[in-house]
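Down below is the structure, laid out as structure tokens.
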Protein chains: 2
Amino acid sequence: MQVLSKASINGLRALLYLAAQERREGYTGIREMADELDISFHFLTKILQELTQKGVLRSYRGPNGGVALARDPGTLYLEELVLMMEGDDFFDTCLLGLPGCGERKPCPVHAFWKETKAALKKEFQTTSLEELGQQIRVGKVRLAD
Amino acid sequence: MQVLSKASINGLRALLYLAAQERREGYTGIREMADELDISFHFLTKILQELTQKGVLRSYRGPNGGVALARDPGTLYLEELVLMMEGDDFFDTCLLGLPGCGERKPCPVHAFWKETKAALKKEFQTTSLEELGQQIRVGKVRLAD
DNA sequence: TTTATTAAAGACAAATGACTCTTAAAACGT
DNA sequence: ACGTTTTAAGAGTCATTTGTCTTTAATAAA
């Protein structure tokens, strides 16, 4: 069951890596993150470029350059990030792929799937990078092996 | 958010179509199902071949041939079908794709995702083709536009 | 026995997602 | 100015999934 694309997963992991940093000023090199998170440098670069264009990251070139969160991680919730990376219809899907599945013309598993999506959405709406970054910092949780 | 592959979705829809039939004897042509469910005939054929090989369907060639459920739809639960089509590790994934994510080495969203997967699994374990077929029969729910 | 009907099988093609590589541009230090 | 470090941009490649087509085999009916 793959819910997020590889690109989204790696983008999220990179954002979490940044949110887990102790120091808040300065830039973190993409090379370092790629090594640390075990992602191809070029692939990660491409993913982070998009996040920079969308305003979640700011970047800086040259020696000691890299990327940094463009906003306070306490204001960055998973929902916004996932919608940004996966598309605005992320939570509006039908499990059986029927177009226009809804209350009026439900598919056989609509009722249940609706609840599941709502729970997932709520969780994503209430979980911030700050919160998860902290859990990483104290070692309760990991981003890579 | 695409949880099931197109192949699984179409396989499931076809199984539901069969489960929703009034008459229980005889075979249903793949052509009819493809038309009714708006799936390419050849694509559906390929999908149903696998389900036949796996013993969920039986098939019959020649005039008035087609496919039929090989087992009582009351004994066919979504879980078995999804595991069959998507692979046995369907419910064992990490949302962030970390290998070996678990209680001992959890990813940042492990706790929540674990619950979500469990709820989904339970629903699939307790929902049979018979049950959904009935809902289709009485028109509460649809398989296509 | 011939013809029509249907699924089985497998080769093939197209589309998508997941990467990879090369070149350019920006910033810095000397 | 020059060379080094770093991100930006985009073309290119590979693998997987999705979808198509052709041929074969089975069955029934005329």
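Lettering follows sequence order; numbering is per chain, from 1.
- When rounded to the nearest whole Å, the span between CD of A:E50 and P of D:dA9 equals 11 Å.
- Salt bridge B:K122/B:E79: absent, no basic N to carboxylate O contact under 4.0 Å.
- Within the structure, every side-chain polar atom (N or O) of A:Y60 is placed at least 4.0 Å from both OP1 and OP2 of D:dT5.
- Between the CG atom of B:L48 and the C1' atom of C:dA9 there is a distance of 14 Å, given to the nearest Å.
- For A:P63, whose side chain is taken as the heavy atoms from C-beta onward, the closest listed nucleotide among C:dC28, C:dA7, C:dA9 is C:dC28.
- No salt bridge links A:K54 with A:E80; every basic N to acidic carboxylate O contact stays at or beyond 4.0 Å.
- Taking the side chain of B:H42 as heavy atoms from C-beta on, and the options D:dT18, C:dT22, D:dT20, the nearest nucleotide is D:dT20.
- Side-chain N or O atoms of A:W113 include one that pairs as donor or acceptor with a backbone N or O of A:T93 at under 3.5 Å.
- We find that CG of A:L44 is positioned 15 Å from P of D:dT6, with the value rounded to whole Å.
- Protein atom CZ of B:F41 is 9 Å distant from nucleotide atom P of C:dA8, rounded to whole Å.
- Looking at the side chain of A:F43, the nearest of the listed nucleotides C:dC19, D:dA8, C:dA7 is C:dC19.
- Residue B:K46 has its side chain nearest to C:dA11 when only D:dA11, C:dA11, C:dA24 are considered.
- With 3.5 Å as the limit, one finds a donor-acceptor pair spanning the side chains of B:E32 and B:Y17.
- Of the listed nucleotides (D:dT27, C:dA18, C:dA8), C:dA8 has the atom at the smallest distance from the side chain of B:R61.
- Ranking C:dA7, C:dT20, C:dA27 by closeness to the A:S40 side chain, first place goes to C:dT20.
- Between A:G66 and B:L4, the residue anchored nearer the 5' end of DNA chain D, judged by the nucleotide with its closest heavy atom, is A:G66.
- Look at A:Q49 and you won't find any side-chain N or O under 4.0 angstrom from OP1 or OP2 of D:dG10.
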